[in-house]
Protein chains: 2
Amino acid sequence: MGCYPCRVSFLERKRQLVKDELSHVAAQLIARNGYEETTVEQIVEAAGVSRRTFFRYFRSKEDVIVEVLTAVGEHAESVIDGRPADEAPALSVRHALMELTVHYRGFPEKALALSKLIIGTPALRARYLDRQFQWRQSVAARLQARSGTDPVRAALIAGVAFTALDVALAAWVASDGAADLSDLVQRTLDLAKIDEL
Amino acid sequence: MGCYPCRVSFLERKRQLVKDELSHVAAQLIARNGYEETTVEQIVEAAGVSRRTFFRYFRSKEDVIVEVLTAVGEHAESVIDGRPADEAPALSVRHALMELTVHYRGFPEKALALSKLIIGTPALRARYLDRQFQWRQSVAARLQARSGTDPVRAALIAGVAFTALDVALAAWVASDGAADLSDLVQRTLDLAKIDEL
DNA sequence: GCAGTCCTTGACACTCAGTGCCAAAAGATG
DNA sequence: CATCTTTTGGCACTGAGTGTCAAGGACTGC
């Protein structure tokens, strides 16, 4: 807080640097050799930090992969809060999901590789689905609090939205990134008739 | 196969006995002391078998809890196959889910306790959601193979169905088992307008 | 009943994920 | 420069999960 030109402290920037390095190295090693075959030992050795430090930045080995996508998901929650309170729940959710795909566009090849990896690795898939479950609950709670929607209906809208995202994402991965993700999500949401819930 | 009165071999029955015992003891210990706090060591000690044997019956500590429900889920797959090929996909899925709730009625208090445990324990919840993901894929594939449904539509129907089940199950748990699960699932499926997909 | 075969079990050793603890190093602050 | 805080590394430990092998029952043919 002492130096004016620095928005964030030196330590904080260093922390982010180490975290990014670990994340990057892990993604590379795991993409090449497989998830189960890659040990935390190998990751920290390549990143130049101790094993103990790894677990200070990531709660588990799974998190080093999944957290990249979950950061995007948490952003979706704030999008919901930013929408007008009298907007139809389905429309707010649609905007949130669109925001999500926009983030994916930022690093399409990396997002595709990570998605493939997560879908194809049981341990990572389980963690990811659990994170998604938490988003669902969070989004449902926000919808409910905002416009007094019926709890079951709110949970259903959130659930169907993420299911549509799942299906669209699977189709995107199946097309090997050739299809447009935003279009895919839009069309899947329409197919799910989310606006009529 | 030598003895006529025995439908299944001695060994097979013994295997089932050991598995049931492990499953029962584990559920009891974990319900009392919590999932993380209960070690496999404690479970096998109470069941009177070796630690190694535990992992011959269950792939992981999570499986000893989750597998009870997944056995029910796998049955749902065969229900789909048993439905007439020209039936509307949504209706077949509805029947499969109904079959599932019927199984839950068989041991309501145990199903409730297990559901609570799984929903409240991240590790178990993640495994359960992954199993559900597999059912979804399996059901979607069957729907697609059966009546040549569009892949995306098949995946969506299966996904929405399981999401509705999730929501209904959450409401059931929230009501502490007071509500009727079958009704809850039916109404949630209606709310999701699954017949119109 | 008896030898041979198959399956199950227990015991040991091992790898690896994850955690608690403490001392040293590095950055922040006066 | 001295001090305080934060980060780091090293160590030891628990617990999940796996490979291996020898011993103990159960099923076969004789």
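Computed over heavy atoms, backbone and side chain alike; hydrogens, waters and symmetry mates excluded. In what follows, chains carry the letters A, B, and so on, assigned in the order in which the sequence lines appear, proteins first and then strands, with residues in each chain numbered from 1.
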- Give the rounded distance in Å between these two atoms: CG of Leu17(B) and C1' of dG25(D). 16 Å
- Task: Please determine if Asp130(A) and Arg127(B) form a salt bridge, counting it only when a charged side-chain N lies under 4.0 Å from a carboxylate O.
- Result: no
- Nearest-Å distance for atom pair CD/C1', residues Glu45(B) and dG15(D): 15 Å
- Task: Round to the nearest Å and state the distance from Phe54(B) atom CZ to dG17(D) atom P.
- Result: 8 Å
- Item | Gap between atoms CG and C1', on Leu22(B) and dA16(D) respectively (whole Å) | 16 Å
- Task: Would you check if there is a donor-acceptor pair between the side chains of Gln186(A) and Arg94(A) at a distance under 3.5 Å?
- Result: yes
- Query: Rounded to whole angstrom units, what separation is found between the CZ atom of Phe55(B) and the P atom of dC12(C)?
  - Reply: 18 Å
- Query: Salt-bridged, Glu99(B) to Arg83(B), with N to O below 4.0 Å?
  - Reply: no
- Do Glu62(A) and Arg125(A) meet the salt-bridge criterion of a basic N to acidic O distance under 4.0 Å? no
- Message: Nearest whole Å is fine: how far is dC7(C) P from Lys19(B) NZ?
- Response: 18 Å
- Rounded to whole Å, CZ of Arg13(B) lies from P of dA26(D) at a distance of 12 Å
- In Å, rounded to the nearest 0.5 Å, how long is the span from CG of Asp81(B) to OG of Ser138(B)? 8.0 Å
- Reading nucleotides 6-14 of chain D 5' to 3', which nucleotides get B (base under 4.0 Å from a protein heavy atom), which S (sugar-phosphate only), which -? SSBBBB---
- Whole-Å gap separating P (dG15(D)) and CD (Glu62(B)): 16 Å
- Does CD belonging to Glu45(B) count more than 12 external heavy atoms closer than 6.0 Å? no
